[in-house]
There are 2 protein chains.
Amino acid sequence: MGFDIKPAQGRRRTAGTAASQRQNNRRHKVLAAAAKLFAAKGLSGTSMRDIASATGMLPGSLYYYFPSKDELFLQVHADAVADIDARVVEALEGVSDPWERLEAAAGAHLEGLLRRDGTVAIVQPHFDDQDPELAQRLRVQRDGYEARFGELVAALPLAQEEDRRLLRLLLLGGLNWATLWVKEGPDRQSPAEIGRAFVGLIRRQVGV
Amino acid sequence: MGFDIKPAQGRRRTAGTAASQRQNNRRHKVLAAAAKLFAAKGLSGTSMRDIASATGMLPGSLYYYFPSKDELFLQVHADAVADIDARVVEALEGVSDPWERLEAAAGAHLEGLLRRDGTVAIVQPHFDDQDPELAQRLRVQRDGYEARFGELVAALPLAQEEDRRLLRLLLLGGLNWATLWVKEGPDRQSPAEIGRAFVGLIRRQVGV
DNA sequence: GTGGAAGCCAAACAATCGTTTGTTTAAACT
DNA sequence: AGTTTAAACAAACGATTGTTTGGCTTCCAC
């Protein structure tokens, strides 16, 4: 079951541009609304009617763009992963020191996660293991991204032997969990600050 | 009908005990099954029928023990928090060094989280903010527990000024997230090992 | 202008949801 | 003994779920 019917793509002629432009606008609008709702209420907590009414459409109309709720969710997830990955790549540009690279990546990662509006904050699981097939497809989407952090951690110069895997998991866990406690408001720490602080706590001598 | 000043307890006959025993058994069975399902599939991902069939009962019968699905979930959540809190308290007994105390607490916390069977692994949010009232009641249940980690972190001797709040959040985030990647099998690291490793990564000098 | 596809609505589908109701069974108390 | 009460079943309630179907527009290509 691959991509049998990819609606309205590769339209011929100039008209296709305008038409698919509007289509993409609509489609993108659905994806944005779905991302917001999925991030806030989960997969089974969000109904197709919720998404439809958030985009000013009717439930059935969504099926013109996406063949099923699961496929819609997978697309949202894929977009989110791609977006956050792009942020990290961009943040790494021009940074050469390994620890600084990790700091930059951590900040970009968290910043991407916190974009609950706009794109998404769904790089995290917790989204209904109900269907094992869906769960696996989601994992595949994430694996590529997480490998990037593996490389960053592998490049770190360490004072002594450490379990680099646990180092990566501690940092990523702390960052992913941060989406649950970072609050809005003026005294809110920026994602970059938090990322730098976390990396610093690991890097430096903290205890006496 | 006057007031019968009846001691709802201290039945002379063993019958009263036996009855409430069976009641508690059944009720506990429901709680256990619900905990397992909620932990695996989330609140909205688990139906009352799922819970009923897992306990060998009919859907309607659950309402003899719990007035609603939300109340059942709250009870499961409360039990989970109490259980993991007790684990942490027990693990702290006889340990006096602040860093060792944090290590012990971290291990016990993770061990409690990983008990997906038996008790639960629901100290974490991600469970449908849908109903704000429910979300708040869940938060209240968790706040008391998390305060314990605040005390442990406050007692740490630090090499220099650090943001103790971020230290706590990094560690707890890493631990909570661990429930998603800790695998079964022979080469699986124990919760205590992971907790000690995480605390060590923060405490020691890691970078060069 | 005519044909036909793109885009969306309107309405309904069967299935499942949380919950309620009335009744039965079995045990316990008097 | 007779009465009460806890515990569960059996069946249905209305609401909501994901999804399907058919038709109505709109607009471009010819």
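Here the P atom of nucleotide D:dT21 and the OH atom of A:Tyr64 are 17 Å apart, to the nearest Å. Between B:Lys69 atom NZ and C:dT19 atom P there is a gap of 8 Å when expressed in whole angstrom units. Whole-Å rounding puts the B:His28 NE2 to D:dA7 P distance at 16 Å. Spacing between atom CG of A:Asp70 and atom P of D:dG18 amounts to 10 Å, rounded to whole angstrom units. Counting to the nearest Å, the C1' atom of C:dA15 and the CG atom of B:Asp50 are 14 Å from each other. Per the geometry, CG belonging to A:Leu37 stands 12 Å off P belonging to D:dG18, to the nearest Å. At whole-Å resolution of the value, CD1 in B:Ile51 and P in C:dG18 are 8 Å apart.
A salt bridge between A:Asp83 and A:Arg87 is present, with a side-chain N of the basic residue lying under 4.0 Å from a carboxylate O of the acidic one. Taking 4.0 Å as the cut-off between side-chain N and carboxylate O, B:Glu71 and B:Arg137 count as a salt-bridged pair. Looking at A:Arg196 and A:Glu100, no side-chain N of the basic residue comes within less than 4.0 Å of a carboxylate O on the acidic one, giving no salt bridge.
With distances taken from any side-chain atom of A:Tyr63 to the nucleotides D:dT20, C:dA6, C:dT19, the minimum falls on D:dT20. With C:dT19, D:dT19, D:dC9 as the candidates, the nucleotide lying closest to the side chain of B:Met48 is C:dT19.
Atom OG1 of B:Thr55 is separated from atom CG of B:Leu37 by 9.0 Å, given to the nearest 0.5 angstrom.
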In 5'-to-3' order, the base (B), backbone-only (S) or no-contact (-) status of each nucleotide in nucleotides 10-15 of chain D, using a 4.0 angstrom heavy-atom cut-off, is B-B---

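Taking the six-membered ring for Trp and the full ring otherwise, the centers of B:Phe38 and B:His77 sit at least 6.0 Å from each other.
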Can you list the steps and then say if A:Val206 with B:Arg203 is a side-chain contact (heavy atoms from CB on, under 4.5 Å)?
-> CA-CA 5 Å; A:Val206 169; B:Arg203 180 183 189 178; 5.6 Å; no

